[in-house]
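Please see the structure below; I have some questions.
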Amino acid sequence: MKPVTSYPSKISTQDFKLVENSYPKESLGKEDVYFSRKYEILESEQGKAQPMPDNNQINWQKNLTSEGACSCRVLQASEQERLQTIALLDDFNTAIAKGELKVYLQPQVTIADNKIIGAEALVRWLHPRFGLLAPGAFLPTIEKYGKIGALSLWLLHECMLLSRSQMQPQKIRISINLSMLDLESPSFPQQVEILLKQTGAQATELCMEITESSAMHNPEQCLASMLRLRQMGFTLSIDDFGTGYSSLSYLSRMPVNELKIDRSFITQLHDSKQRDIVKAIVQLGLTLKLRLVAEGVEDSTVCDFLEGLGCHEMQGYLIAKPMPAVDFFVWLNACSGCWQDLPQN
Ligand code: C2E
Ligand code: CA
Ligand code: CA
């Protein structure tokens with residue numbers, strides 16, 4: 001790796017100064033690799049790294065010469081990806097122990113009477129350098145490199161404690177996103193059982209959201225885990241129903257109680273085809289006696305449409321965005337169980 005001594009024309013002096021202030025992530029001999037300012041801004045403002053229009057603008061390698069002068073070099077796309085992955089995995093190893101992962105909760109309400117009856121737990125990573133990261137910025141890497149199990153068990157433990165600490169009569173169900181890889185691990189149900197005992201939480205007050213994905217290598221083991229979790233009393237939900245890999249054969253085999261209608265349908269209801277699809281999904285769910293939850297509800301016309309179809313519950317920015325767990329329970333208290341009782345609604 002030979003450092004170049006002149007800056008490529010696309011980077012301003014200002015950019016370079018900020019590159020200098022970033023942190024070394026991997027040492028390659030005497031040279032330290034730095035993430036560029038652009039990368040950090042994209043991470044912190046939008047919650048995820050985005051492909052840059054031009055590779056020349058993203059990663060830099062800085063070479064500290066004996067005089068302390070700087071020079072830099074453009075990294076190739078593949079190198080850049082590899083380094084980002086290394087950095088993320090490396091940081092993730094200590095993220096749980098350092099308390100950097102945060103549980104956010106987003107309310108779920110009944111459509112017929114606006115009662116807050118549940119919340120979905122959504123993870124965030126308060127990264128020391130990149131700021132608050134949305135799951136899309138790190139989960140795919142964590143999952144790909146086999147670290148999702150640690151995250152899921154941590155999340156389950158946190159959610160069980162939250163569930164346990166609630167008081168009747170306003171107790172709500174908490175839904176947790178799981179990876180198919182969790183279900184493929186034969187020891188997963190047993191680990192969940194241990195967590196239940198440790199925390200004193202009730203499985204019947206927790207729901208597990210599962211998305212079928214290409215990552216599924218052992219469907220039989222997944223099915224066995226799901227059956228065991230159902231026996232333990234958990235509610236099981238198929239997330240993102242109607243997209244990607246979820247299929248009718250999946251639905252017929254899995255011991256699920258709930259269907260979550262994917263946000264991509266709900267946000268496109270101005271299109272008559274999308275409306276027909278949502279109608280069909282609701283019909284299917286009702287026929288199979290499943291609870292139907294629509295996600296991504298952003299306005300009241302969508303809510304009225306869903307009510308007309310007989311959809312049971314909804315979740316979305318119309319009610320509230322995901323909030324840190326502490327804020328969520330303050331919000332819940334202020335609502336006294338019904339989201340339309342809030343002064344701002
Ligand atoms: P998801 O399970 O489909 O979660 C719903 C996503 O939609 C969340 O994004 C939520 O913030 C967003 N959302 C909710 N209502 C609205 C709305 O009205 N409008 C719009 N535009 N968006 C809305 P988020 O938190 O970024 O999560 C993205 C995905 O990451 C989740 O999709 C889920 O698949 C995954 N995920 C999140 N937390 C976890 C976790 O703890 N474990 C696992 N395995 N996956 C997780
Ligand atoms: Ca979900
Ligand atoms: Ca979903």
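Both backbone and side-chain heavy atoms feed into the values below; hydrogens, waters and symmetry mates do not. The first residue in the sequence is number 1, and the count goes up from there. Start at 1 and go down the list; that is how both ligands and their atoms are numbered.
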Quiz prompt | Listed protein N/O/S atoms, distance to the Ca ion (ligand 3) under 3.0 Å | solution = Asp239 OD1, Asp240 OD1, Glu295 OE1, Glu295 OE2
Quiz item: How long is the span from the CZ atom in Arg124 to the CG atom in Leu133, to the nearest 0.5 Å?
Solution: 10.0 Å
Quiz item: Testing Val293, Thr211, Leu284 for side-chain contact (heavy atoms from CB on, under 4.5 Å) with Phe241, which one passes?
Solution: Leu284
Quiz item: Only one of Tyr104, Phe92, Trp154 forms a ring-ring contact (aromatic ring centres under 6.0 Å, His included) with Trp125, so which one is it?
Solution: Phe92
Quiz item: With a distance cut-off below 6.0 Å to the six-membered ring centre and an angular limit of 45° from the axis, does Lys321 pair with Tyr317 as a cation-pi contact?
Solution: yes
Self-check item: Name of whichever N/O/S atom of Glu120 is nearest to the Ca ion (ligand 2)
Solution: OE2
Exercise. Ignoring hydrogens and angles, state whether a donor on the side chain of Asn257 or Lys289 is under 3.5 Å from an acceptor on the partner side chain.
Key: no
Quiz item: With respect to Glu120, which candidate in Arg173, Gln108, Lys260 satisfies the side-chain hydrogen bond (donor to acceptor under 3.5 Å, both in side chains) definition?
Solution: Lys260
Quiz item: Going from CG on Leu206 to CG on Leu195, what distance comes out if it is rounded to the nearest 0.5 angstrom?
Solution: 10.5 Å
Provide, line by line, the atom pairs where ligand 1 and the protein bring an N/O atom each to a distance under 3.5 Å; else say none.
residue: ligand 1; atom: 2 (O); partner: Glu120; partner atom: OE2; Å: 3.0
residue: ligand 1; atom: 2 (O); partner: Asn177; partner atom: OD1; Å: 3.2
residue: ligand 1; atom: 2 (O); partner: Asp239; partner atom: OD2; Å: 3.0
residue: ligand 1; atom: 3 (O); partner: Asp240; partner atom: OD1; Å: 3.4
residue: ligand 1; atom: 3 (O); partner: Glu295; partner atom: OE2; Å: 3.4
residue: ligand 1; atom: 7 (O); partner: Arg263; partner atom: NH1; Å: 2.5
residue: ligand 1; atom: 15 (N); partner: Gln106; partner atom: NE2; Å: 3.0
residue: ligand 1; atom: 18 (O); partner: Tyr317; partner atom: N; Å: 2.7
residue: ligand 1; atom: 19 (N); partner: Glu298; partner atom: OE2; Å: 2.5
residue: ligand 1; atom: 21 (N); partner: Glu298; partner atom: OE2; Å: 3.1
residue: ligand 1; atom: 22 (N); partner: Tyr317; partner atom: OH; Å: 3.3
residue: ligand 1; atom: 25 (O); partner: Arg124; partner atom: NH1; Å: 2.8
residue: ligand 1; atom: 25 (O); partner: Arg124; partner atom: NH2; Å: 2.9
residue: ligand 1; atom: 38 (N); partner: Val123; partner atom: N; Å: 3.1
residue: ligand 1; atom: 42 (N); partner: Asn177; partner atom: O; Å: 3.4

Quiz item: From Met314 CE over to Trp339 CH2, what is the distance, rounded to the nearest 0.5 angstrom?
Solution: 5.5 Å
Self-check item: Rounded distance [0.5 Å steps], CG in Leu156 versus CD in Gln191
Solution: 10.0 Å
Quiz item: To the nearest 0.5 Å, what is the distance between CD (Gln283) and CG (Leu288)?
Solution: 11.0 Å
